[in-house]
Amino acid sequence: MPRKIIIDTDPGQDDAVAILLALASPEVEVLGVVAVAGNVPLDLTTKNARIVCELAGRPDIKVFAGCDRPLRHELVTAEHVHGKTGLDGPVMPDPSMPVEHQHGVDFIIETLRSEPPGSVTLCPLGPLTNIATAFEKAPDVVARVQEIVLMGGAYFQVGNITPAAEFNIYVDPEAAEIVFKSGRPITVMPLDVTHKALTTAPRVEAFRALGTEPGRMVAEWTDFFERFDKEKYGSAGAPLHDPCVIAYLIRPELFSGRHVNVEIETQSELTRGMTVADWWHVTDRAPNAMFMGDVDAEGFFDLLTERIGRL
Ligand code: BDR
Ligand code: CA
């Protein structure tokens with residue numbers, strides 16, 4: 001039986017690849033895609049989510065608009081990484097599939113209430129605003145979540161939007177705090193992992209060589225997305241952050257990490273959004289998250305290329 005998932009996302013080229021991976025994989029059943037404000041404002045992330053579903057040949061997927069701003073702070077966006085549209089790179093047609101009328105947060109709540117308890121996994125690929133809002137609005141649904149597998153945070157790599165914080169957590173640290181204190185099983189793909197999942201030239205060429213429209217789009221998105229990381233980090237390519245979440249659901253053995261305590265800094269101006277992960281178990285704070293540290297990058301890209309090739 002495929003694992004039922006809700007993808008909560010702010011596409012973003014790497015979010016887009018994650019959605020394609022999920023839609024290409026029989027191990028997961030995508031119950032819905034919920035957009036959140038993050039890399040770009042909500043109207044664009046909602047549009048981009050639909051563009052990606054159509055690219056995958058799945059206009060039947062339900063796409064919802066969620067929250068348009070973080071719980072307490074002004075929205076911080078990342079056009080400097082993803083471009084003005086959030087999906088800069090190849091020219092994409094406007095989507096023709098609809099946005100669902102229901103608010104994305106209500107979809108999350110309703111789905112968790114209607115599916116059997118412990119059967120739905122939440123996959124946040126952006127700021128945690130929608131998930132935290134659902135948990136606050138309907139506390140009864142929290143216990144019904146099977147697992148939360150998210151991209152966010154960092155320990156060894158520390159920060160990419162500030163010296164101390166990773167983007168998804170920084171944009172809405174209050175939401176992240178609610179999620180990390182939820183008591184549900186959490187698996188985290190931090191920058192420590194995603195900065196090892198780099199799009200080197202041969203990996204990008206493998207996508208292009210698929211000879212399909214999705215393969216070409218993935219190659220062109222990564223071409224665009226790479227320029228930022230190559231300049232900033234001097235790395236061989238760009239980290240494909242968000243697909244790590246979906247790859248973990250399909251091939252968990254590709255990843256390794258530690259079950260540790262993770263607290264979110266919400267107060268300090270200097271370190272707001274930092275994921276304070278007790279990697280070395282130097283406190284007696286109870287572990288609340290499986291914090292990944294490593295990935296078999298070859299295995300990850302082999303999986304990704306093979307699956308994108310199915311679309
Ligand atoms: C995260 O921030 C976004 O820019 C990416 O889509 C990813 O989810 C990486 O810090
Ligand atoms: Ca994202």
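Start at 1 and go down the list; that is how both ligands and their atoms are numbered. Counting from 1, the numbers follow the sequence of the chain as shown.
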Worksheet item: Quick one: nearest non-hydrogen protein atom to atom 3 (C) of ligand 1, plus distance?
Response: Asn39 OD1, 3.1 Å
Worksheet item: Is it true that some N/O/S atom of Asp14, main chain or side chain, lies under 3.0 Å from the Ca ion (ligand 2)?
Response: no
Worksheet item: Nearest protein heavy-atom contact for atom 6 (O) of ligand 1: which residue, which atom, what distance?
Response: Asp14 OD1, 2.6 Å
Fill in: Aromatic plane relationship, Phe255 with Phe300 - under 30° parallel, 30 to 60° tilted, over 60° perpendicular
perpendicular
Worksheet item: Any N or O of Gly126 that comes nearer than 3.5 Å to an N or O of ligand 1?
Response: no
Worksheet item: Without hydrogens or angle criteria, can the side chains of Thr9 and Asp15 be said to hold a donor-acceptor pair below 3.5 Å?
Response: yes
Worksheet item: Below 3.5 angstrom, do we get any N/O pair linking Asp242 and ligand 1?
Response: yes
Fill in: Polar side-chain atom of Asp192 near backbone of Phe156 as donor-acceptor pair, under 3.5 Å
yes
Practice prompt. Output every pair passing side-chain hydrogen bond (donor to acceptor under 3.5 Å, both in side chains) with a member in residues 300-311, not counting sequence neighbours, ordered by first then second residue.
Written response: Ser25-Arg307, Glu27-Arg307, Glu306-Arg310
Worksheet item: Mind checking whether the Ca ion (ligand 2) has an N, O or S of Leu125 under 3.0 Å?
Response: yes
Worksheet entry | Thr283 and Asp278 side chains, donor-acceptor separation under 3.5 Å | yes
Discussion item. Looking only at protein heavy atoms, which one is nearest to atom 9 (C) of ligand 1, and what is the separation?
Written reply: Glu166 OE2, 3.2 Å
